[in-house]
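Computed from heavy atoms alone, side chains included, the values below leave out hydrogens, waters and symmetry copies. Sequence positions, counted from 1, serve as the residue numbers for this chain.
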Amino acid sequence: MNSTCNPFFSIPLSKLEDFLQDSIYFRDPRARTRSPSLRHGENRNGEEKLYVFDKFLMHHDYVIQKSSGERFVEITNDKNRIHRSGNIVPGAMTVSKIILPLEILMPEFEIHNVNIKFTNSSIYDEKTKDVFSFQFISPDCIQINVNTFQSQGTIARTIITGKINADRENTTKVKEEDVNETNLNTVREYLKTLSIEGEAYIQKENYRDYTYPLSYIATLPSAEIVKQMEGDGGMINMLRMDFGDVKMIPITDEKGPEIKLERARERERTSFNKIITEVVNGLVTYYRGLAIVNPVAKFRSPANPVISPAK
């Protein structure tokens with residue numbers, strides 16, 4: 001419980017308009033008490049804000065169309081054909097739908113760790129719901145548990161941790177003249193495949209953010225695993241990204257961020273592959289992660305009774 005009179009952070013309600021086809025709403029378990037967790041108000045400029053004082057829930061409802069999924073895998077360079085010939089939503093797209101709303105609605109939230117476990121495949125053109133549960137470990141540290149549902153079943157479970165950084169603007173500053181316009185447009189197109197306004201992440205409240213969204217970075221390991229482990233790639237069962245308090249990657253280099261993969265050495269061979277990942281930009285390693293992959297996973301699709309993504 002927040003023992004101070006000051007909110008932990010605020011959510012600019014105008015940013016909800018950037019979610020072009022999605023529905024986002026908030027639940028306050030203390031709404032009918034004398035100390036509600038969420039309070040509506042305006043800042044000095046008359047802009048509507050939702051001020052956060054304690055734990056709360058956020059619901060995100062959306063539908064991913066196949067045309068959007070096809071464009072998404074083109075942008076992220078994912079060669080897995082089940083997202084084109086089949087009706088399986090890319091797991092990386094599910095990850096993006098979880099992380100990106102936090103980056104847009106809560107720019108002061110500095111994400112440190114993302115741990116997502118897939119429990120089932122998600123299909124195109126079906127209503128999907130993400131339920132975010134926000135808990136405050138300390139005044140500036142947050143843990144967010146996210147459950148993703150489709151057709152009354154659980155698709156994924158995610159744990160996100162991080163902290164509130166009021167100085168985020170100064171830690172993400174990139175000069176506009178240094179920006180690689182081609183890669184910036186790729187980020188814009190990435191946002192649009194998720195039914196989000198192309199400037200939603202870039203245009204913050206008081207500045208323009210020319211760094212790669214962590215949601216975009218988190219999509220890259222899946223595509224690289226398919227590329228480098230064709231025939232032994234399969235379905236990602238778990239993805240963990242450790243962002244720590246490392247600086248964001250600027251959108252300046254022509255090549256952009258790359259993924260390096262390494263199979264973890266295990267004493268006994270199991271049916272699952274453990275893949276260590278590194279996110280590299282030029283000569284600098286920014287983030288590290290881990291993926292657990294089931295190489296024999298198969299999916300069912302109306303268009304193709306049995307599809308093996310690994311081949």
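Between H40 and E48, the side chains place a donor N or O and an acceptor N or O closer than 3.5 Å (distance only, hydrogens not considered). E47 and S14 form no side-chain donor-acceptor contact under 3.5 Å, judged by distance and modelled atom types alone. Checking S96 against Y190 by side-chain atom types alone, a donor-acceptor pair falls below 3.5 Å. In this model, a donor atom of one side chain and an acceptor atom of the other lie less than 3.5 Å apart for S138 and D140.
Just one of N147, T148, D61 meets the side chain to side chain donor-acceptor pair (under 3.5 Å) condition when paired with K129; it is D61. The only member of N120, V63, I123 that meets side chain to side chain contact (heavy atoms under 4.5 Å, CB included) when paired with Q150 is I123.
For the pair V279 and M241, the minimum side-chain heavy-atom distance is below 4.5 Å. Using a 4.5 Å heavy-atom threshold, the side chains of R168 and M106 count as separate. Two residues are said to be in side-chain contact when any heavy atoms from C-beta on lie closer than 4.5 Å; M93 and F72 meet this criterion. For the pair F9/F109, no side-chain contact is recorded, criterion being any heavy-atom separation below 4.5 Å from C-beta on.
By the neighbour-count criterion of 12 heavy atoms within 6.0 Å, atom CZ of R157 is sparsely surrounded, having that number or fewer from other residues, nucleotides or ligands. The neighbour count for E254 CD, taken as heavy atoms of other residues, nucleotides or ligands under 6.0 Å away, does not exceed 12.
Looking at residues two or more places apart in sequence or on another chain, you find a salt bridge (Lys or Arg N to Asp or Glu O under 4.0 Å) between E189 and R71, K192. Partners of K175 by salt bridge (Lys or Arg N to Asp or Glu O under 4.0 Å), not counting sequence neighbours: none found. Judged as a side chain to side chain donor-acceptor pair (under 3.5 Å), and not counting sequence neighbours, the contacts of D209 are Y201, K204, T211.
In this pair, Y62 and H60 present their aromatic rings tilted. The plane angle is within the 30 to 60° band.
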Applying salt bridge (charged side-chain N to carboxylate O under 4.0 Å, His left out), run through E108 and K163 and close with a yes or a no. CA-CA 8 Å; E108 294 179 333; K163 71 175 185 178; over 6 Å; no
Would D28 and S37 satisfy side-chain hydrogen bond (donor to acceptor under 3.5 Å, both in side chains), going step by step from the backbone distance to the final call? CA-CA 6 Å; D28 181 359; S37 298; 3.3 Å; yes
Begin with the C-alpha distance, continue with both residues' side-chain angles, and end with the deciding distance and a verdict on salt bridge (charged side-chain N to carboxylate O under 4.0 Å, His left out) for K49 and E42. CA-CA 5 Å; K49 296 270 195 173; E42 296 182 352; over 6 Å; no
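A distance below 6.0 Å separates the ring centres of Y25 and H59.
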